[in-house]
Amino acid sequence: MADAVFLALAVITIGSAIAALELRSLIYGSIALMGTLGGIAGFFFLLDAPFVALFQLAVYVGSIAVLILFTVMLVKRELIFKKIEDKRRKFAGIGLMLVIMVSLGAVFLDSGIKTITTDEPAPNFRDIGIDFVTYYWPALILMGLLLAGSVTGALVLAKREDVENDQRAS
Amino acid sequence: MTSELVDFTLVSVALLGIGIYGLAVKRNFIRMLFAVEIIINAANLNMVAFGRFLPHSGGQTMALFSIAIAAAEVAVGLSLIIVAYRMYQNVDIADFRSLKG
Amino acid sequence: MIEITSTPLVLIAILGTVGILLPIISIARKEQGSNSFYAVIAFAALIVSMGYVGYQFYAENIASSALFSEDVIVDDAFGGFFAIAMLIVAVFTTVGSFNYMRKHNSPAVYYSLILLATIGMVLVAYSTDLIMLFVAWELMSIPTYILVGYMKKNPSSNEAALKYFLFGALSSAIIVYGISISYGLTGSTNIGEVIQGYSTLDPSLLPLALLSVGMFIAGFGFKMGLVPFHQWLPDTYEGAPPTITALLAAATKKAGFAATIRIVVLGMVVLNLDWTLALGIIAVMTMTIGNVAAIMQKSISRMLAYSSIAHAGYILIGLAVAPHSSLGLQGSLYQIMNHAVMKGAAFIAIVGIVTTLGVTHIDKLKGLGRRMPITALGMIIALFALAGVPPLSGFWSKLMLFGSALDASSALWWAPWLAIAGVLNSALSLAYYGWITRKMYFEGETEKRVVEPKSVIAVMIFSTIFLVGFGVYPEPLIKFVEFATPVISLGLMP
Amino acid sequence: MATEAFGLPFEVGTLSAWLVWILPFAAAMIIPGVGKLSKHATGYVAVAFALMSALSAATMIPVALEAHELHHQIMWIEALGLKGGVLADPLSIIMANVVGWISFLIMIYSTGYMKGDKDITRFWFWMMFFIGSMQLIVLSDNLLQVFFGWEGVGLASYALISFWYRDKKKDHVGVEGRTVLGMLDYYAPTHAGMKAFIMTKVGDVMMIAGMLLIFLFAGTFGFKELMGDTDWATAMAAQGLLVPAFVLLFGGAVGKSAQFPLNEWLLEAMTGPTAVSALIHAATMVKAGVFLVARIGPLVFALSAAGIMADQFFEIIAWVGAITALLLATQGMVNNEIKKVLAYSTGSQIGYMMMALGIAGLSHQYVDGYTAGFFHLISHAMFKASLFMAAGSLLHIVGSRFMSDMGGLRKQMKKTYAFMWAAGLGLMGAPFITTGFWSKDAIFAAVYTSGNEWAMPLYIIAVLTAVITAFYTTRMIGLVFFGKKSKHIEKMEEEGHHIHEAPMSMWIPYGILAVLTIGIGLIGLSAEEGLHHMFTDYLEHSFGIHSEHVANEASILPEFLQGLNPVALGSSLVAFATGIGLGYIFYIGRWVDPVKFVNSNIFFYSIHKVILNRWYLNAIIYWCFVVAPLWLARGVFRYFEKTAIDYGMNDGVQKAVGWSAKVVQGTQTGVSQSYLFVFGAGLLFVVLILLI
Amino acid sequence: MEYALLQAVFLPLLLSPVAYIIGRKVGPTPAMWFTFAILLYTTILVINAALSGTVEEHYPWTEMFGEFGFLLDGLASPFAIIIYVLSTILALYSKPYMIHKFHEQFEEEQKITTSSSGQSSVIESSSLTNYVNAKSGLYFALYLVFAMGMLGTVLSTNLIEFYIFFEVMLIPGFFLVALWGDGPRRKIGLMFLFWTHAGAVVLLLGFLMIGLTLGSFDFADIKESEIPADIAMYSAVAISIGLGVKLAVFMFHIWLPYVHGSAPTPISALLSPAMIGIGAYGLFRLIVEFLPMTFADLAIWFHIWGLVTMIYGGAMALMQDDLKRMLAYSSISQMGYILFGIGSISVLGLAGAEMMYVTHAIGKGILFMMAGIIIVKVGTRSISKLGGLAGKMPITAVCAVIGALTIMGVPPTSGFMGEWILFFGALETAIEEGSTLRAVTFGLGLVATALTMSYMLWMLKRVFFGKTPEHLEHVKEGSWYMTAPMMVLAGFSIVVGIYPDIFLKTIIPYMNGVLGV
């Protein structure tokens with residue numbers, strides 16, 4: 001049962017990842033990306049991490065993907081469907097991808113990790129909270145600074161200065 | 001648990017490969033952003049999977065940080081795209097090649 | 001338990017507060033504040049931070065060398081050392097921006113981002129936890145993505161930012177991936193525990209451990225500009241505003257090294273493998289490609305960008321031989337400090353040139369020695385220091401680096417070749433430093449003098465005093481480096 | 001001995017020995033200063049110092065007559081423990097006197113000859129420098145100091161040969177446009193000076209090698225020290241280095257004395273002022289080689305007496321001398337330039353001396369050959385100096401160096417004519433009345449009686465050379481003073497020049513020497529015996545070379561010639577007669593036209609041509625040691641230095657670096673995809689390195 | 001005197017800004033006299049110290065790399081004296097030459113300005129004066145630093161210190177060549193910088209190997225310790241290559257003809273005699289003294305290398321038409337002699353090599369000054385365009401002949417004293433070892449002296465003798481600033497030639513000590 005779910009999730013995740021990159025339309029691509037992100041969330045559920053899974057759904061599928069979608073819609077229509085690729089580069093890329101997959105996969109398969117199984121209960125999300133306030137709290141401060149900085153920065157960048165100047169002038 | 005740790009890692013490796021493929025091949029900046037997100041998610045999957053099998057709460061904590069940072073990154077990346085789009089009316093990164101040599 | 005007076009926390013407090021406050025002030029003042037107003041605030045914050053670090057050193061509150069800690073950060077000399085190096089560069093950047101930012105909008109956010117990025121860099125060096133390190137890393141990276149693209153009307157700036165962003169995003173993803181594997185193998189994100197875990201690792205898991213290290217090298221290597229992760233670097237350095245290039249080249253790069261030393265070197269020692277060869281090969285490739293490509297460049301920023309790739313190669317020598325020679329890391333740290341000042345000064349000189357003359361093309365620098373004598377002199381001194389010409393400070397660090405390679409020759413057969421490659425490269429590098437010198441001093445005799453920006457002059461004077469002073473009498477700096485360098489030996493345990 | 005007569009720490013004679021060479025150097029030092037004040041004064045200063053030097057030399061004569069020797073040393077190079085000093089033994093005292101007085105006479109001659117030359121100060125400087133250096137050679141007590149003098153005279157010779165450095169046409173030697181094997185046989189003064197300096201340097205190089213070898217084993221350069229303890233020679237002989245070392249030392253003498261095969265420089269040395277030719281290239285400097293052999297010869301002979309055989313050394317000397325004597329004498333027969341004829345003659349005569357000194361070592365009676373050689377040196381110094389000065393007068397008056405531009409001058413220049421005959425007879429060895437006869441006869445006798453296996457061939461060469469000598473001397477006098485006036489002279493007279501006798505300051509010196517040639521010749525035999533006696537004592541005393549006094553068998557000769565070897569005497573007479581007779585037929589009586597005679601027969605013609613072309617020796621030397629090396633150097637310069645080194649390492653490195661820079665920059669395409677691809681591949685690469 | 005050597009080294013450095021200011025504000029003559037005074041004072045300090053035997057000074061520096069010290073012993077004192085004496089008198093010589101050069105460059109620049117602006121502007125004399133003042137200030141400042149760098153190298157007591165000074169002399173040299181050289185001066189300046197720096201860094205590798213193996217960079221420690229044979233060999237090879245570049249021995253001589261040919265003549269006259277010979281000093285100090293066993297192995301290669309250099313340099317000198325280039329090749333050849341002497345591995349051979357440094361400095365100094373006078377007074381440096389100058393400039397001609405004789409090694413000049421001692425040393429070893437190879441090299445070495453003589457005499461003949469071309473009819477003798485230094489050196493050459501104890505007295509005991517005789 002679990003295996004079937006796992007397989008289904010794997011297919012969805014990987015398949016939609018490929019689709020996100022290969023679909024002609026960017027809009028469908030972003031929707032496919034949502035599929036991937038959702039698939040990952042599914043995995044999180046499977047791994048008994050519902051808190052992270054929900055966070056994933058909220059932040060990723062909810063906000064990031066939507067943000068991307070809006071951006072996609074901002075750009076011109078023809079750009080959304082434009083998909084020029086160098087064939088040679090594409091094949092090389094596929095080659096690289098396969099080599100990475102095979103070699104890293106071989107490393108994983110070959111290593112002792114294969115035998116690791118666990119019957120212990122999954123970590124409680126309370127532990128996460130305790131971790132945050134007792135151990136990771138400086139990282140949290142930084143996280144705050146990081147978000148503040150990136151938001152102000154992104155705003156400054158995205159601000160249309162000409163419009164602004166016009167307004168100011170008027 | 002019937003699915004083993006290694007299965008999750010293999011999915012993660014596959015996603016990593018796809019992500020790198022996407023970065024190396026795709027020309028549309030937005031699609032490249034997709035690829036980055038795919039890699040980050042692969043890493044997150046890894047972390048949570050490892051955290052589950054250790055078992056240890058750190059994996060999930062890390063995944064949370066990672067998701068948040070990815071969000072910030074995406075925000076910045078998109079703002080850069082917007083600037084670029086305003087300037088060039090284009091998001092094809094392969095056309096952005098005035099700096100070279 | 002982290003004390004509230006520990007340096008990293010105080011730095012976060014000072015710089016973070018100011019960093020957050022700056023945009024708020026700006027909004028409160030309806031974006032009317034002049035550039036210098038914010039610059040002065042940022043400058044003050046940085047100076048105060050530096051003063052605090054200095055005070056901590058002076059009061060001997062800081063433990064020597066890198067320690068592992070139960071906590072996510074540790075207040076050690078290693079971090080302090082990097083903090084000083086990066087704060088110097090941040091000050092350079094701020095001072096250099098006095099004039100440069102006059103023509104541009106939104107100065108408040110600009111300085112705020114510089115301060116935030118500075119926190120990130122400093123905290124990378126102080127971190128003892130992988131997550132902390134990663135967050136700090138991102139705090140360093142994301143503001144710089146924005147800063148590189150800060151010139152919104154300038155296509156190069158944007159292009160540079162896009163490339164930088166792509167690589168940055170990819171490499172952070174790779175780092176996270178690496179962290180995830182190392183976490184999976186050891187069950188902890190604390191570096192000390194990770195290393196301990198590695199030392200008792202089941203042999204069957206070793207390939208995975210190495211995989212994680214490879215990902216760290218790649219991820220941090222992006223920032224350090226190691227070949228083959230370097231290709232974004234010249235483009236970005238060329239396109240970015242020169243003040244930010246100074247920050248990138250002189251400071252964020254060093255954060256990469258700080259992280260590498262903390263994780264890769266310290267961690268890898270326990271794996272007890274011939275892993276140093278990888279770093280050795282990368283070191284040779286990096287310096288060679290950097291130096292070769294720097295020759296015949298037309299833009300001075302780009303030339304210096306390649307030069308900083310080459311310097312990453314030199315620094316990597318020290319890391320590669322670290323387990324076998326105590327000089328290795330000392331040399332690296334020393335070079336990091338020197339490179340921060342030298343490269344910082346060189347790019348700030350470019351800032352001066354760009355603000356007054358508006359050119360970066362080397363052919364247009366003809367007669368700079370006459371047009372901007374102080375800037376030119378400061379730049380030449382920085383360049384010669386980069387080339388490792390005595391009696392400038394850059395010489396000593398190269399000396400220690402090459403020395404460490406030779407020192408390790410009894411343990412590593414290939415180590416002397418690192419030294420030879422380094423030496424030949426540093427001879428080669430003189431070709432393009434000499435080329436700039438030639439353009440600035442021996443051509444265009446008829447140029448007239450122009451007014452140089454005072455802020456740039458200040459930086460030049462500082463860097464000249466630093467480079468010449470520590471070149472002639474390097475003892476204090478060597479002592480400092482020795483104090484800050486973690487002692488590494490095989491079988492080291494946290 | 002008047003030891004410490006003046007409160008000096010050494011004998012008065014020793015002081016003279018120092019002064020003899022220091023005075024000329026002192027003069028050389030002050031002459032440029034004097035020259036600034038007055039150019040005329042320089043001549044007087046020079047003559048005065050030359051006289052003082054000669055007088056100093058004369059004061060030492062008593063020492064020589066007692067066969068005593070003065071040796072005084074001072075510390076020179078303390079770091080190496082080398083001492084410098086003077087050694088005044090009979091050999092050096094006589095030589096010093098010969099040099100001193102002849103140079104004094106030539107200095108007087110020069111005041112006339114060089115009158116009005118605007119570079120006169122330089123002339124006097126170098127002349128005095130030369131005398132000082134020459135006397136330094138003579139009086140030094142060690143080889144190193146000798147070498148100082150040796151190079152000093154070489155330097156002076158160089159400077160004086162190219163004295164007229166402006167290379168005017170009249171100062172050249174050789175015939176303009178004439179080539180031998182493609183080499184121009186026409187030399188400018190500056191070229192000649194260079195040639196002389198470099199060619200003698202080849203000898204000097206050998207000499208220094210020899211010196212250093214000896215120093216290596218003996219640890220000293222001093223002649224006295226070398227003689228004192230001969231262990232070094234045993235050690236050297238054991239390694240087979242003794243003879244090579246001395247032969248190398250002799251190499252220096254070969255160079256300086258213009259012996260075969262380093263003889264060619266002497267001819268071009270004639271570009272110098274004639275006074276210089278007389279002093280340096282006839283009377284003194286070229287004798288330095290002979291002197292050196294005379295200095296070291298007894299040493300070697302003494303060693304061979306002590307059982308260390310060094311016969312080859314003497315054989316080489318004898319043969320080099322003999323070959324030179326013949327080779328150069330033949331060339332004297334055909335040359336048209338009067339100074340060159342004299343120069344050939346000089347080389348040839350020095351060959352005689354060498355032969356004598358060489359054969360001495362091969363015979364039992366070392367002193368015979370030794371005396372003969374040295375006696376010939378003295379007599380040659382007199383008559384050759386005289387001849388040169390006379391020739392200088394001719395040049396001075398006629399204004400041409402070619403004998404074909406002279407002719408029939410015996411009326412106008414009576415004194416010169418007479419003195420030239422006198423000196424010329426000395427050169428020819430006119431029987432019984434000239435010093436040349438006695439000294440040459442002594443050489444013949446020494447060769448003949450040596451009892452060596454090579455004695456016969458050497459003897460034949462000697463006699464043949466004597467014939468030729470007599471012939472070319474006669475030819476020279478005949479061409480210059482007999483026959484018709486040449487076109488050149490006629491032209492001069494048409495232009496109003498009056499051919500007249502040389503001024504007094506010029507003819508007196510060579511007059512004195514010519515008279516001395518005859519004068520001493522009259523008492524020649526006793527002079528020779530005195531010398532013989534002196535040297536016997538000297539060799540006995542200083543080197544322990546015993547000479548058994550062989551009681552003369554009563555010979556068929558008249559009483560006053562008792563003691564001469566009849567065979568030698570006979571051949572000497574025959575040679576003289578044949579030579580002068582042939583010369584008379586061709587050039588004085590002019591019964592046969594020499595040109596027609598030579599052209600009459602392909603055999604004579606070819607011989608004439610070979611001889612006229614200097615046996616092709618000069619051309620070959622030029623081809624091998626000037627043209628070929630220059631050609632080689634040019635080749636190396638063009639095809640190695642310019643290409644491999646210069647282009648290869650400067651431009652090549654630059655280009656290679658530039659090219660690789662281009663390649664590396666080419667990979668930086670600006671396309672992010674490529675970068676990212678490389679990043680991915682790099683990641684893989686790093687992982688693989690780590691895993692492998 | 002306390003701190004004598006410290007003063008001698010650092011006074012010129014510290015006062016060089018003063019020289020700059022004097023030059024700028026007052027003019028070239030005061031700057032020249034100021035420079036001269038400093039150098040004279042420091043020269044006296046050095047000579048005074050040398051007279052009192054071995055002098056050593058030590059100052060604290062770094063813990064890791066050892067002390068900062070100065071040592072004036074039998075080896076260093078001839079080098080030190082020659083360097084400073086030459087620097088001192090060349091300061092005088094510099095003035096007229098450099099003023100000539102500044103004028104030339106000023107006119108050149110004026111031409112550029114006028115041609116670029118398209119209108120003729122009147123050259124104001126005040127601007128010329130300002131130009132000359134500014135340039136001469138800079139020149140003398142660099143000059144002082146250059147001199148100080150050379151002295152510092154020779155006096156160092158620490159490998160790193162040695163290296164630092166070794167490079168310090170390079171930088172002012174580079175600027176001097178690139179600013180006031182002839183021909184493509186910028187390119188040549190860079191070439192100089194590049195090649196000698198490349199050599200220097202190889203040298204540094206050797207230093208590091210020694211220093212790290214022993215854990216100390218101080219000469220005193222190195223001398224006392226045993227270095228493992230393989231390390232010693234590697235480092236010796238690196239050091240010889242590094243110093244070989246400085247010495248410009250065969251195959252590493254690429255830069256020298258260009259640089260010496262192009263540098264302003266007073267600098268050529270310092271570069272060629274004083275600076276490149278420091279390579280020889282390095283060989284003595286670092287290889288002969290510190291790595292005696294390795295030296296014994298390498299000696300024969302030095303010997304042969306020296307011989308090849310000697311002959312090659314001489315042959316190339318024959319081919320030159322440019323006077324200064326010819327002298328440059330001659331310097332290469334002379335460095336071959338020195339290397340030859342070092343390779344002889346005997347007391348006298350080594351002593352002779354050091355004497356060769358002294359005598360080459362004197363002789364080549366004179367000859368370069370001669371070339372400078374010709375450049376200033378005649379305006380050409382092509383030998384084929386010269387001739388018969390002896391009558392026009394007698395003092396120069398006489399001094400040049402003495403200089404040439406010194407190079408040729410003709411007594412009574414100092415050259416002979418160097419040469420015979422040198423060759424004796426070579427012969428000694430050849431005989432003692434019974435080595436045919438060494439005997440042959442000895443012989444060829446002697447033959448090379450004839451080659452030296454040939455090119456020198458030929459040069460003299462073509463420059464000073466022969467017919468005077470018409471365009472040289474109005475040539476005059478150089479000024480006293482230029483001739484007096486030559487005469488001093490010429491006199492010095494003869495004094496040393498007759499009384500070589502001046503230097504040999506200190507050299508021989510040192511060499512005895514080094515070779516353990």
Side-chain angles (χ1 to χ4, degrees), chain B residues 5 9 12-13 15-16 19-20 23-24 29 32-33 35-51 53-56 58-59 61-66 68-70 72-77 79-88 91 93 95-101, chain C residues 129-132 134-135 137-139 141-143 145-146 148-149 151-170 172-190 208 215 232 234-239 293 296-299 302:
Chain B
L5 176 56
T9 55
S12 152
V13 165
L15 289 174
L16 173 70
I20 288 176
L23 280 172
F29 189 89
M32 294 171 89
L33 215 53
V36 170
E37 293 308 316
I38 290 170
I39 300 177
I40 291 175
N41 273 289
N44 289 350
L45 176 58
N46 240 359
M47 282 188 281
V48 176
F50 277 122
F53 281 84
L54 280 169
H56 187 264
T61 321
M62 211 175 342
L64 291 175
F65 273 113
S66 171
I69 285 170
E73 235 169 34
V74 167
V76 172
S79 65
L80 284 171
I81 291 180
I82 288 166
V83 174
Y85 180 72
R86 265 191 219 136
M87 218 156 4
Y88 293 100
V91 290
I93 191 79
D95 290 345
F96 293 11
R97 48 184 301 185
S98 64
L99 299 168
K100 64 180 173 189
Chain C
D129 184 279
L130 289 172
I131 295 198
M132 180 66 194
F134 178 65
V135 175
W137 181 267
E138 288 297 324
L139 179 56
S141 301
I142 292 178
Y145 300 152
I146 300 163
V148 168
M151 305 294 112
K152 282 187 283 181
K153 301 273 168 63
N154 182 346
S156 320
S157 169
N158 185 249
E159 182 185 336
L162 285 177
K163 284 179 177 167
Y164 183 31
F165 174 79
L166 277 175
F167 270 83
L170 174 59
S172 0
I174 299 281
I175 292 169
V176 180
Y177 210 101
I179 291 175
S180 74
I181 295 172
S182 60
Y183 164 72
L185 296 180
T186 58
S188 171
T189 56
N190 187 295
L208 282 179
M215 289 187 159
W232 62 279
D235 295 2
T236 302
Y237 282 19
E238 189 187 355
M296 293 170 62
Q297 286 298 342
K298 303 229 165 42
S299 153
R302 203 172 177 84

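Because the structure is predicted, anything quoted here is derived from the model rather than measured. Chain A is the first sequence line, chain B the second, and so forth, proteins listed ahead of strands; every chain is numbered from 1.
Contact of C:I181 with chain B is made through backbone and side chain together, with heavy-atom distances under 4.5 Å. Using a 4.5 Å cut-off between heavy atoms, C:K298 does not touch chain B at all. C:N190 does not touch chain B: none of its heavy atoms, backbone or side chain, sits under 4.5 Å away. With a 4.5 angstrom heavy-atom cutoff, C:S156 touches chain B via backbone and side-chain atoms both. In this structure, the portions of B:L80 lying under 4.5 Å from any heavy atom of chain C include both its backbone and its side chain. Both the backbone and the side chain of C:A160 come within less than 4.5 Å of a heavy atom of chain B. Using a 4.5 Å cut-off between heavy atoms, C:S172 touches chain B through its side chain atoms alone. Only the side chain of C:M215 comes within contact range of chain B, judged by heavy atoms closer than 4.5 Å. Neither the backbone nor the side chain of C:P234 comes within less than 4.5 Å of any heavy atom of chain B.
Contact record, B:G58 with C:I131: O-CD1, 4.5 Å, taken as the closest heavy-atom pair.
With rounding to the nearest 0.5 Å, the separation of CD1 in B:I93 from CG in C:L162 is 4.5 Å. For the atom pair CZ of C:F134 and CE of B:M62, the computed distance is 10.0 Å after rounding to the nearest 0.5 Å. The structure places CD1 of B:I82 at 11.0 Å from NZ of C:K152, a figure rounded to the nearest 0.5 Å. Atom NE2 of B:H56 sits about 9.0 Å away from atom OG1 of C:T186, to the nearest 0.5 Å. Here the straight-line distance linking atom OG1 of B:T61 with atom OH of C:Y183 works out to 7.0 Å at 0.5 Å rounding. Note that the OH atom of C:Y177 and the CG atom of B:L16 stand 5.0 Å from one another [nearest 0.5 Å].
Side-chain atoms of C:E159 come within 3.5 Å of backbone atoms of B:S98 as a donor-acceptor pair (strictly under, hydrogens ignored).
Contacts with chain C were tallied for B:L54, B:I20, B:N41; B:L54 has the most, counting heavy-atom pairs under 4.5 Å. Contacts with chain C were tallied for B:A75, B:S66, B:G59; B:G59 has the most, counting heavy-atom pairs under 4.5 Å. In terms of heavy-atom pairs under 4.5 angstrom with chain B, the leader among C:G239, C:S180, C:G168, C:G187 is C:S180. Note: B:S12 leads B:G51, B:S12, B:A42, B:S79 in heavy-atom pairs under 4.5 Å with chain C. Contact tally against chain C (heavy-atom pairs below 4.5 Å) for B:I69, B:N44, B:V74: the top residue is B:I69. Ranked by heavy-atom pairs under 4.5 Å with chain B, the first of C:V135, C:L139, C:L185, C:T236 is C:V135.
Put simply, the side chain of B:E73 reaches to within 4.5 Å of the side chain of C:Y145, judged on heavy atoms.
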Exercise for the section: Could you check C:V176 against B:M47 for side chain to side chain contact (heavy atoms under 4.5 Å, CB included), going step by step and ending with a plain yes or no? Expected result: CA-CA 9 Å; C:V176 180; B:M47 282 188 281; 3.3 Å; yes
Practice task
Could you give me the CA-CA distance, side-chain angles and deciding distance for C:F165 and B:L33, then say whether side chain to side chain contact (heavy atoms under 4.5 Å, CB included) is met?
Solution key: CA-CA 10 Å; C:F165 174 79; B:L33 215 53; 3.3 Å; yes
